[in-house]
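Structure record follows, encoded as C-alpha cells.
These values consider heavy atoms only, across backbone and side chains, with no hydrogens, waters or symmetry-generated copies. Remember, it's 1-based here, ligands and their atoms both numbered in the order they're listed.
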Amino acid sequence: MNLEDCLADFQIPRYLHYMDSAATSLVPEPVIAAMNEYDRQYRANVGRGMHRLTRIATQRYQDAHELVSGFIGGKEGTTVFTKNTTEAINMVAAGLDWQPGDRIVTTGVEHHSNLLPWLRLRQKGIEVVILQPDEAGIFAIEAFEEAITANAKLVAVSHVSNVLGTVQPVREIAEICKAQGAYFLVDAAQSVPHFSVDAWRTGCDFLCFSGHKMLGPTGTGVLWIRDAAISPLMLGGGTVEDVTTEGYTLTSGYQRFEGGTPNISGAIGLGQAVKYLESLGMDGISKHEQKLTERLLTGLADIENVTIHGPQNTKNRIGVVSFTIGRIHPHEIAYLLDERAAILVRSGDHCCIPLMKHLGLENGTVRASLYLYNTSEEVDLLLEAIEEIARIA
Ligand SMILES: Cc1ncc(COP(=O)(O)O)c(C=O)c1O
C-alpha cells in the first residue's frame, strides 16, 4: 500500500487538517474494523476458560503481543500491554528495588510522564539529576558521561522530544549506562510511531510508548522489558501460576504484569495498527514526514515574526515543529488556525513545564505535528495561515 492510497482509510472530514498527531493520531478503518470484529463476533475474556470464543479472543490477544514485539525488534524481551506511556513509565518507577542513595539521571526536555514518577522517588532518598539541553534541545554526550556515575540505577530519556522534535542519541547513552551498570529507560512515545525502532539493538532495558499515537486506539500503550526484574504494579487475575492461602507464584511473561481483564479490543486494534504501519513501511513513512518537515521549516524560516523552537533543519529531528509568532499567545494562534483554516494544532506547555521555563517560553509554543496522512498541500495551507497571522503580530 502506498501513502496516498491510505488517505481514504482516515475518515476525518476532508475540510479538517489534523496536525496534532503528537498528542494522539488518527485511526484508520482497518483498526476500527478489527476492534469492531472482536466486539461483534468473538467477544470473550482472554486467558480464561475453554469455550470457543475465549480461545479465539486469547489467540488474537496473544497475536497482538507478537505483532507489537516484532514491530519493535523486541521478541527476546517481554512486551507488556499498558494503558499508555505514562502507565508504562510508572510501572518501572514502582517496580524497581530502590535504595536510598540510588541516582536517576533524566533530562529537562522530558514530558511530565517521564519526570514526575522520578521526582516522586526523591521522597525515598533517591537522587534525581536533570540534565539541561541547549536551545535546540541537544545534549552534549559528555553531560551523560559525567552524570551517569556508579550509583546511577536508572537513566530515563525521551527518544524524541514532544516539543522540539529532537532525536536523542539513545545508542550512545545506552553504552554509557551499560558501562556503569545503570538501567536505561527510553520514552519512545514520539519515536516508535515515526521511524523504525529496534528495542533490542537500541540497548535499552525498558522501552515505553503509546498505541494511540501510532494509529491505535486510546487506552493502549506498551512497556517492553529486556530482562530486568521489576515487580508488577498490580496483582490479581491472570498474573499467577499458583495460589495457596499462604502465598502465590507469579507467571512468567507479559501475563505477570497485566493483572485483571485487559483492554482486549484495544490490544487487537493496536496489533492491527502495527500491521498497517508495516504494510506502508516505516522507512517510507519517515521519508514522507522528513519531506513535509523540511517544507514546513523552510517556509517558517521565511516568515517574519516567526520563531522556530528546536532544530532549524531536518537533521536528527522529526515532524514535531514548535513555533511562536511575535508576542501572540500560542492559544490564540491555535484558535485562529482552526477558525480561519480548519488547521488543528496543539498550543501551550505540551506537558513540559520545566522545558518551557528553561527556554523562557512562559506561554508555551504552538506545535504542528505531522504524520503519514498529512500532505504537502496541507503544509502549504498551514504556512499561508501562519503568514497571515504573522502580519498582525
Ligand atoms: C514524549 C512523551 N512521553 C510521554 C507521553 C505520555 O503519553 P500518554 O499520554 O499516552 O501516556 C507523551 C504524550 O504526549 C509524550 O509525547
Side-chain angles (χ1 to χ4, degrees), residues 18-27 68 72 80-94 106-120 130-131 133 137 139 154-170 173 184-195 197 199 202 204 206-224 233 263 266-267 269-270 273 289 309-310 316-322 334 344-356 358 364-371:
Y18 189 78
M19 300 192 193
D20 193 18
S21 297
T24 196
S25 73
L26 301 179
V27 181
V68 173
I72 55 160
V80 181
F81 283 169
T82 64
K83 101 175 162 220
N84 47 37
T85 303
T86 306
E87 187 175 64
I89 295 171
N90 274 276
M91 283 165 73
V92 176
T106 186
T107 85
V109 303
E110 302 309 316
H111 188 283
H112 296 160
S113 294
N114 195 29
L115 184 64
L116 271 53
W118 316 126
L119 293 184
R120 178 158 67 175
I130 301 174
L131 305 179
F139 295 89
L154 179 91
V155 177
V157 172
S158 52
H159 198 172
V160 175
S161 159
N162 63 305
V163 176
L164 306 170
T166 340
V167 182
Q168 303 304 346
V170 287
I173 301 170
F184 185 30
L185 178 147
V186 174
D187 171 352
Q190 301 294 348
S191 58
V192 168
H194 299 285
F195 54 88
V197 175
T202 299
C204 65
F206 306 104
L207 190 84
C208 308
F209 55 100
S210 298
H212 69 90
K213 294 183 197 289
M214 48 187 283
L215 313 185
T218 55
T220 62
V222 176
L223 167 61
W224 177 82
L233 190 60
N263 178 358
L270 177 57
E289 289 175 27
H309 303 283
N316 284 337
R317 67 123 70 226
I318 66 156
V320 166
V321 179
S322 265
L344 313 177
V345 295
R346 170 95 181 257
S347 53
D349 59 45
H350 314 292
C351 297
C352 288
I353 294 176
L355 176 62
M356 294 302 145
H358 179 70
T365 69
V366 184
R367 181 188 72 184
S369 51
L370 307 170
Y371 207 5

**Prompt:** Is there side-chain contact between V80 and F206, with at least one heavy-atom pair below 4.5 Å?
**Reply:** no

**Prompt:** Closest heavy-atom contact between D349 and M356?
**Reply:** O-CE, 3.7 Å

**Asked** Do you know which two heavy atoms are closest between K83 and E87, and how far apart they sit?
**Response** N-OE1, 2.7 Å

**Prompt:** What residues, two or more places apart in sequence or in another chain, satisfy side-chain hydrogen bond (donor to acceptor under 3.5 Å, both in side chains) together with S158?
**Reply:** E110

**Item:** Partners meeting side-chain hydrogen bond (donor to acceptor under 3.5 Å, both in side chains) with T24 (sequence neighbours left out)
**Value:** H212

**Asked** Who's touching ligand 1 if we go heavy atoms under 4.0 Å?
**Response** A22, N84, T85, T86, H111, S113, N162, D187, A189, Q190, S210, H212, K213

**Set of ring pair (Phe, Tyr, Trp, His ring centres under 6.0 Å) partners for H159, sequence neighbours left out** = F195

